Structures are given as C-alpha cells and as structure tokens.
Chemist: 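My questions all concern the structure below.
Predicted, not measured: the structure shown is a model, and the values here were computed from it.
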Amino acid sequence: MSEKRQAPPTVRLRRLAAMLRRLRATAELTREEVTERTGINGVTLYRIEKARARPQRRTLTALMEVYGADEAQRSDLLAAERHAQDRSRVRPYHAGLSEHYTAYIGFEAEARTVRAYEPSLVPGLLQTERYARAVAGVALPEAGRPGADPWVAALRERQAALGVCPAPRLRAVVDEAAVRRVVGGSEVMREQVEHLLRIAAEPRVRVQVIPFGAGAHAGMAGGFVHLEFPDPRDPELVYLDTPAGDLFLESEEETRRFRAAFEQLRSVALDPRDSAELLAGVCRS
C-alpha cells in the first residue's frame, strides 16, 4: 500500500506557524522549555512551528497560555487555526504533481506580488503553451508526453490567476539569454517573445530584461521567485526550482536577502520601455 500523501501547507497555516514562532521568541522560551511547561511533544511543537501540522485546539490553548498571549493575539491565533486548512485553489490533477509544486501553486495564487527572476528561460507565468511543452520535453520529459497533462493544466491555472480580481502583481526580470535562446524552433520562439510583449503592456505586469552588455551580475547562479502576500501577517516566501528538487525558503533573513537580490537585478536590467524595444528587436531578427 502506498503511503498517503501529506497535504501541502496553506498560507493561513504558515501564518499560524509564524505567529506562534514570534510569540515563543517574545516569551524567550526554547522548544524544550515549552515542552516541559505544557507537556506538548517536542516533535509536535516543531511540526506546528514549521507549518507541517495544524495544532489541536487544546494544544493551541496551552501555547497561548504559556506565551502570555493577549486578547487580540488570541483572537488572531484562533481565527488562523479555524481557517488553517482552507484551500481556495485545489484541483483533481494536483495529485499528479509534486507536493512542493502543488503548494507553490496555492501560494502564488494568493500572493499580492510575484517577483520572478530567470537567467535562461521565460518564467512560467509568461510562457506560451508551445514554449512550455518544448521546455518540458527536455527539462521534464514526463510533462511533454501525451497523457501527462497535469503539469500543463497547472501552468494554465497559474496563468489564469493573472486575470482574476484581485490579481497578483507580476514583476519579472529575465536575462537576455532567455529571450535569445531558440526554444522549440523559430516559430515557437517568435510566438513566445510576441506574447511577452503583449503581456508586458498589461498594468499589473512589468517585464525587464538584463542585456548581455550588463556583464556579470548577481543572478547568474540561478532563478528564483519571491512571493509577498496581502496580509502583512503572512510571511514572505522564496521558491527555488533546482535540479535537486524544489525548495522553499521562509526565514526573514532569507526572504529579505532574495528580495534585495531582486531589486539589485532590476537595477541592472533595462527599464520596461527599453526592455520592450529589445524584445521587439528579437522579434524582427
């Protein structure tokens, strides 16, 4: 019998975990001290603080007591706990995707701002279907085969979120290599760059290109996505798609570092108008 797949965390569960971590830090208590005072298993406490488990109400009550939570904090914690498992965008085909990617789809859909940087390919939210399949045929062969449509369906779902209200703001920075490399043939690539030009003209989308002439820059090591959410209580999140697997970075230090890195990349990139001119030149070439 196969092991039951664990449901990925939600934005609200991450909020609850972050609130509890902050309260414990303010109370200047270690996890071991909390375990001694409440009897809550140390592994359970670790899982709660990492948004891997939703606390039972009696567990949450015990934590609020030991942390000395005030009335407003208790109200926020209880509200977060009630809605911790709410999922606004779960689809049947998500079962065919990795746990981390499924979680990312949910996080991205609820984000206020998506900051995406890619050094060698067009970011997923901006890909045409033919370009996406050409990339998948090399980087993710199973996604390029007929019958493996969950990945493509997920891509369509992610892109559709840009058209809902309120839609997330998309800030994309790509290296010139991403728009010069011919993926899927010249026709597919021309269609892709023309799509970039069209979508970059939309009010909530900004596309900037780092030209070859900018030389070496801080983003050459790899791409990343930084997510910021409407509620300031929801911690920012960084998503990395690496050959070793998908990673989420959640600490304040890590998310602050990547946000600063994105701003640095924006500063060396062409502004949106000049980027559009570069893209138009690629279409003409």
Chemist: Go through it in stages, so that I can follow the logic: the residues are C283 and V193, the test is side chain to side chain contact (heavy atoms under 4.5 Å, CB included), and I'd like the CA-CA distance, side-chain angles, deciding distance and then a yes or no.
Modeler: CA-CA 7 Å; C283 288; V193 178; 3.5 Å; yes
Chemist: Name all pairs fulfilling the salt bridge (charged side-chain N to carboxylate O under 4.0 Å, His left out) condition that reach into residues 28-39, sequence neighbours left out, sorted by first residue then second.
Modeler: R31-E49
Chemist: For residues 171-216, which residue pairs pass the ring pair (Phe, Tyr, Trp, His ring centres under 6.0 Å) check, not counting sequence neighbours?
Modeler: none
Chemist: Report the residues that fulfil side-chain hydrogen bond (donor to acceptor under 3.5 Å, both in side chains) with Q264, sequence neighbours left out, ordered by chain and then residue number.
Modeler: none
Chemist: What do the steps show when you test T59 against Q56 for side-chain hydrogen bond (donor to acceptor under 3.5 Å, both in side chains), and what is the final call?
Modeler: CA-CA 5 Å; T59 300; Q56 296 182 355; 4.7 Å; no
Chemist: Counting N and O atoms only, with roles assigned by atom type, does the side chain of D175 sit under 3.5 Å from a partner on the main chain of A178, one being a donor and the other an acceptor?
Modeler: no
Chemist: Determine whether L45 and T38 satisfy the following criterion, side chain to side chain contact (heavy atoms under 4.5 Å, CB included), listing intermediate values before the conclusion.
Modeler: CA-CA 11 Å; L45 182 58; T38 64; over 6 Å; no
Chemist: After noting the C-alpha distance and the side-chain angles of I210 and V173, does the key distance pass the side chain to side chain contact (heavy atoms under 4.5 Å, CB included) rule?
Modeler: CA-CA 7 Å; I210 301 177; V173 176; 3.8 Å; yes
Chemist: Just how far is it from atom CG of L16 to atom CG of L77, taken to the nearest 0.5 Å?
Modeler: 6.0 Å
Chemist: Look at E228 together with R115 and state whether they make a salt bridge at an N to O cut-off of under 4.0 Å.
Modeler: yes
Chemist: If only atom types and distance count, is the side chain of T113 paired as donor or acceptor with the main-chain N or O of R169 below 3.5 Å?
Modeler: no
Chemist: Apply the salt bridge (charged side-chain N to carboxylate O under 4.0 Å, His left out) test between R259 and each candidate in E252, E254, E236; give the one that qualifies.
Modeler: E236
Chemist: By side-chain hydrogen bond (donor to acceptor under 3.5 Å, both in side chains), which residues pair with E108, not counting sequence neighbours?
Modeler: Y104, R158
Chemist: Just jot down the side chain to side chain contact (heavy atoms under 4.5 Å, CB included) partners of R57, sequence neighbours excluded, or say none.
Modeler: T61, L78, E81, R82
Chemist: With a 3.5 Å distance limit and no angle check, can you tell me whether T128 reaches the backbone of Q192 through a side-chain donor-acceptor pair?
Modeler: no
Chemist: I'd like to know if the side chain of Q127 reaches the main chain of V122, judged simply by a donor and an acceptor atom lying under 3.5 Å from each other, with no hydrogens or angles considered.
Modeler: yes
Chemist: With sequence neighbours left out, write down each residue that passes salt bridge (charged side-chain N to carboxylate O under 4.0 Å, His left out) with E202, or none if nothing qualifies.
Modeler: none
Chemist: Is a side-chain donor or acceptor of Q208 paired with a backbone partner of P272 at a separation under 3.5 angstrom?
Modeler: no
Chemist: Please name all residues satisfying side chain to side chain contact (heavy atoms under 4.5 Å, CB included) with S120, sequence neighbours left out, ordered by chain then number.
Modeler: R181
Chemist: Write out all pairs satisfying salt bridge (charged side-chain N to carboxylate O under 4.0 Å, His left out) with one or both partners inside residues 119-132, taking only residues at least two apart or from two chains.
Modeler: E129-R133, E129-R156, R130-E187, R130-E191
Chemist: Going by the rule side chain to side chain contact (heavy atoms under 4.5 Å, CB included), which residues pair with P119 if we only count those two or more places apart in sequence or in a different chain?
Modeler: Y117
Chemist: With F248, which residues qualify under ring-ring contact (aromatic ring centres under 6.0 Å, His included), at least two apart?
Modeler: H100, F107, Y239
Chemist: I want to check something: taking the side chain as every heavy atom from C-beta on, are L125 and I199 in contact at a cut-off of under 4.5 Å?
Modeler: no
Chemist: With sequence neighbours left out, which residue pairs that include part of residues 260-271 fulfil the salt bridge (charged side-chain N to carboxylate O under 4.0 Å, His left out) condition?
Modeler: E263-R266
Chemist: Can you list every pair that meets ring pair (Phe, Tyr, Trp, His ring centres under 6.0 Å) and has a residue in residues 255-285, with sequence neighbours left out?
Modeler: F224-F258
